[in-house]
Amino acid sequence: MEETDDDRASDPRRRARRGRRRGRTDRAERPDEADAEPTDEPTADAAAARAEAATRSPGTGANAVIAALEAAGVETAFGVQGGAIMPVYDALSASSIHHVTMAHEGAVHAADAYGIVRGDPGVCMATSGPGATNLVTGIADASMDSDAMLALTGQVPSDMVGSDAFQETDTVGVTAPITKHNYFASDSDDVGRTVGEAFALAGTGRPGPTLVDLPKDVTFGETDRPVGEPAAPDRAIPDAEADDRQVEEAASAIQRAERPLCLFGGGVIKGDATEEARAFAREFGIPVVTTMPGIGSFPEDEDLCLSWAGMHGTGYANMAITHTDCLIAVGTRFDDRLTGGVDTFAPEAEVVHVDIDPAEISKNVHADYPVIGDAATVLDQLDAAIGYADAPDTAAWREQCAAWREQYPMDYAIDPDEPVKPQFVVEAFDAAMDDDAYVTTGVGQHQMWAAQYWTYREPRTFVSSHGLGTMGYGLPAAIGARVAADDDRQVISFEGDGSFLMTIQELSVAVRENLDVTIVVLNNEYIGMVRQWQDAFFEGNHMASQYDWMPEFDTLAEAFGAKGFRIDEYDDVEGVVEEALAYDGPSVVDAHIDPEENVYPMVASGAANGQFALAEDQL
Amino acid sequence: MAGPTPDERPHPTGRRDEHGVRKEPDHGPEPTRRATVSALVEDEPGVLARAAGLFRRRQFNIESLTVGPTTVEGHSRITLVVEETEAGIEQAKKQLAKLTPVIAVGELSGDAVAAELVLLKVRGEEPDKVHAITSMYDGQTLDAGPRTITVQITGDENTIDDAIDAFDQFGIIEIARTGQTALERGDSPTTPGEEPGHSAGETDDDEFTNYDD
Ligand SMILES: Cc1ncc(C[n+]2csc(CCOP(=O)(O)OP(=O)(O)O)c2C)c(N)n1
């Protein structure tokens with residue numbers, strides 16, 4: 001039976017959810033609303049509902065799990081049903097939590113993106129065995145990117161654990177190295193409290209994924225014990241404020257600098273410190289580069305911003321990082337995609353490293369001035385410690401950065417008779433879409449073009465798989481972002497043909513939920529990033545990288561019930577962009593791009609940032 | 001207009017070592033040292049596997065690992081001996097401290113007391129001589145049969161190594177070593193903030209602090 005639009009509109013849960021989304025103001029500050037009162041404080045009703053969930057007698061372990069989620073203020077969960085998790089789903093049916101049933105446990109990516117957009121942990125659920133193992137990639141992804149997330153997995157009954165029972169996997173064992181912490185629930189009385197703790201822990205300090213494994217007898221079991229307020233263990237709550245001495249020493253290093261450079265990482269965004277980070281850089285006139293996860297922490301259209309550094313970052317960001325004498329790194333873990341070879345990374349810089357996680361200090365790059373604390377708090381502390389009069393004079397250095405920007409512009413050549421350049425497609429959508437639109441991506445060349453040729457201005461708007469580089473992330477992430485975002489914010493996903501095919505089944509979910517997302521497949525019939533490396537380093541031997549058996553994505557989209565569009569030449573672009581964005585529901589643009597186009601600049605792995613190549617013959 | 005090519009661009013001459021420390025051009029490889037690290041942990045299932053897994057995953061060079069209960073109910077102590085560079089030891093301690101069930105982590109000073117237990121099974125042909133060596137190392141004979149003798153020796157690592165050398169003359173059949181366990185000497189707590197539990201006459205279990213406090 002087909003659900004009509006009217007049915008959808010009259011579905012009370014859907015209405016409630018839309019209402020919530022409308023009522024909410026995103027944390028991302030918009031320039032014109034910078035002084036507006038924050039309105040995302042929980043309403044009195046919501047707070048009362050949370051308090052009620054925390055104090056009611058749950059009845060069963062499964063009810064306690066749901067009560068814990070409600071007490072934590074969870075509004076949405078993503079997942080797939082199954083035997084061992086059935087009691088939890090059964091309890092969920094009586095809850096106001098909206099469950100988005102996914103086509104695959106790629107639900108974990110949707111939850112991940114939901115969490116990124118909301119700034120609260122996303123929640124995903126799966127059954128035992130294959131359900132749990134299907135979550136593994138997304139959990140590892142969240143772990144690498146410090147994304148707050150709670151995964152709930154069903155487990156075989158306790159007395160069968162360890163017997164290789166049907167659909168049994170040692171989920172706690174498998175996920176231990178890729179979670180911030182994980183739990184095996186062993187008692188119906190404690191399970192609710194454990195779920196609350198796991199949720200709170202995921203979002204505390206340096207965020208990360210947590211998991212609770214839920215044996216069926218524990219969720220079936222009776223309990224009258226209220227779950228209480230979700231709380232992370234005291235030990236796991238780090239001090240926000242940094243040590244004064246650390247701050248003062250870092251401040252004087254910054255004052256002494258002649259060529260200071262801010263490096264803003266994902267931690268600036270995760271730590272809701274964009275406002276402080278922007279204020280800091282602007283006040284002292286310090287140029288800014290970001291990491292890829294840090295994209296959006298500073299507006300890319302501002303003069304001070306040199307965009308992102310690293311393997312495919314801008315030439316000017318990589319020049320700046322090579323020549324700075326004082327690198328003020330905030331919330332970054334110095335991934336090798338950023339640093340290139342550590343031996344040549346920012347070789348003249350004294351490094352000030354601000355991070356909430358002491359274990360990140362001097363892990364990859366030695367910190368001359370470690371400052372451990374919450375990014376927003378520490379930036380305010382540094383700001384106060386430097387003082388305007390003592391600010392370094394950066395005029396000449398800024399001029400130098402501007403000169404590099406002129407020398408190494410982000411550029412590509414267009415020939416109207418040749419296949420469409422992917423960069424052009426990205427720019428066309430950027431021009432037609434709002435400044436605060438959310439962009440999700442798969443992994444490959446298209447991800448880099450989406451990062452390079454879209455101008456990001458707001459935090460949390462670039463939703464991508466950074467540390468793990470997970471193909472197939474883009475579509476489920478777009479679903480998660482769409483569900484999380486206010487209705488008036490647009491969502492677009494840039495996909496590669498290979499990446500899209502990895503999780504294309506989630507289109508059925510976008511159609512069922514009628515999610516207004518635009519999916520743009522930059523289709524080169526290659527797994528292009530591999531082809532690019534094969535051309536550069538394997539004598540052009542295209543082993544297993546040529547994908548000339550790709551389906552017609554526009555037609556396939558229609559089969560799913562989505563709207564399909566196709567771009568073959570430059571003349572198609574404008575019209576398709578307009579129509580695809582006007583369509584209210586999931587649309588797929590199959591953009592046939594120049595199959596030979598490559599991503600530049602490029603720093604070869606292990607090379608010096610300043611040695612970026614602008615073409616293959618420079619590698 | 002593209003700027004200078006990679007070779008034509010200005011490049012600073014400075015370099016960093018493998019830990020990202022700026023270095024002098026003639027900088028040699030980092031020396032390693034052995035460190036004994038003590039972690040006070042919440043006694044919950046899997047905590048040992050987490051610690052061991054962490055060390056494996058991050059490729060810390062681990063020499064021995066022992067675990068056992070403390071005077072506080074619900075707490076255990078893990079003692080690790082690692083051989084790493086200075087930076088590696090710092091990382092190992094920080095990563096360990098990051099695990100949720102870990103209460104506190106300390107590195108033991110050179111002054112700390114450390115001991116290990118070894119069981120040695122040797123051929124039984126010369127019981128008197130075996131007995132003499134056992135006494136020399138203040139050991140105990142645990143089993144003496146016509147063909148084999150099993151003895152127990154405890155002591156610091158050097159003593160154990162020496163004892164093994166001494167028993168070698170009889171032909172060692174099997175050996176089991178526990179690995180080192182250690183405590184800080186005198187009044188110094190072994191991990192920061194550590195306080196005695198009930199069995200030591202004190203009552204407050206909750207006064208444990210973070211490694212970073
Ligand atoms: C799950 C997974 N498998 C393999 C890879 C290795 N990989 C990295 S980029 C890439 C090519 C991606 O191809 P496509 O999605 O078509 O994007 P393009 O590079 O063509 O834009 C591959 C295979 C990966 N990142 N993730």
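For clarity, every value in this text was computed on a predicted model and none was experimentally measured. Residue numbers begin at 1 in each chain, while the letters A, B, ... track the order of the sequences.
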Name the option with the most non-hydrogen atom pairs under 4.5 Å to chain A; the candidates are [options].
{"options": "B:Arg15, B:Arg22, B:His19", "value": "B:Arg22"}
{"options": "B:Arg57, B:Lys98, B:Arg50, B:Gln95", "value": "B:Arg50"}
{"options": "B:Gly88, B:Pro4, B:Pro101", "value": "B:Pro4"}

So for [X], is it side chain, backbone, both, or neither that comes closer than 4.5 Å to the heavy atoms of chain B?
{"X": "A:Ala346", "result": "both"}
{"X": "A:Pro233", "result": "side chain"}
{"X": "A:Asn609", "result": "neither"}
{"X": "A:Leu201", "result": "side chain"}
{"X": "A:Ala349", "result": "both"}

Portion of B:Arg9 that has a non-hydrogen atom of chain A nearer than 4.5 angstrom: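 Side chain only.
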Contact origin within B:Glu8 toward chain A - heavy atom pairs under 4.5 Å: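 Neither part.
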Chain B contacts, top residue of A:Pro347, A:Ser186, A:Gly173 (heavy-atom pairs, under 4.5 Å):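 Of the candidates given, the most pairs with chain B belong to A:Pro347.
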To the closest 0.5 Å, what do you measure between [atom1] ([X]) and [atom2] ([Y])?
{"X": "B:Leu120", "Y": "B:Thr141", "atom1": "CG", "atom2": "OG1", "value": "11.0 Å"}
{"X": "B:Thr100", "Y": "A:Arg235", "atom1": "OG1", "atom2": "CZ", "value": "8.0 Å"}
{"X": "A:His312", "Y": "A:Arg337", "atom1": "NE2", "atom2": "CZ", "value": "7.5 Å"}
{"X": "A:Asp357", "Y": "A:Arg333", "atom1": "CG", "atom2": "CZ", "value": "11.5 Å"}

Near-ring test A:His323/A:Trp404, centroid separation under 6.0 angstrom: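 A:Trp404 vs A:His323: aromatic centres under 6.0 Å.
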Ring centers of A:Tyr408, A:Phe612 separated by less than 6.0 Å: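 Distance test on ring centres: under 6.0 Å, yes.
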Side-chain ion pair, B:Glu86 and B:Arg33, N-O less than 4.0 Å: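 Salt bridge flag = yes for B:Arg33 with B:Glu86.
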Aromatic ring pairing B:Tyr137/B:Phe167, orientation class (parallel under 30°, perpendicular over 60°, tilted between):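 If you compare the ring of B:Tyr137 with that of B:Phe167, the planes turn out tilted.
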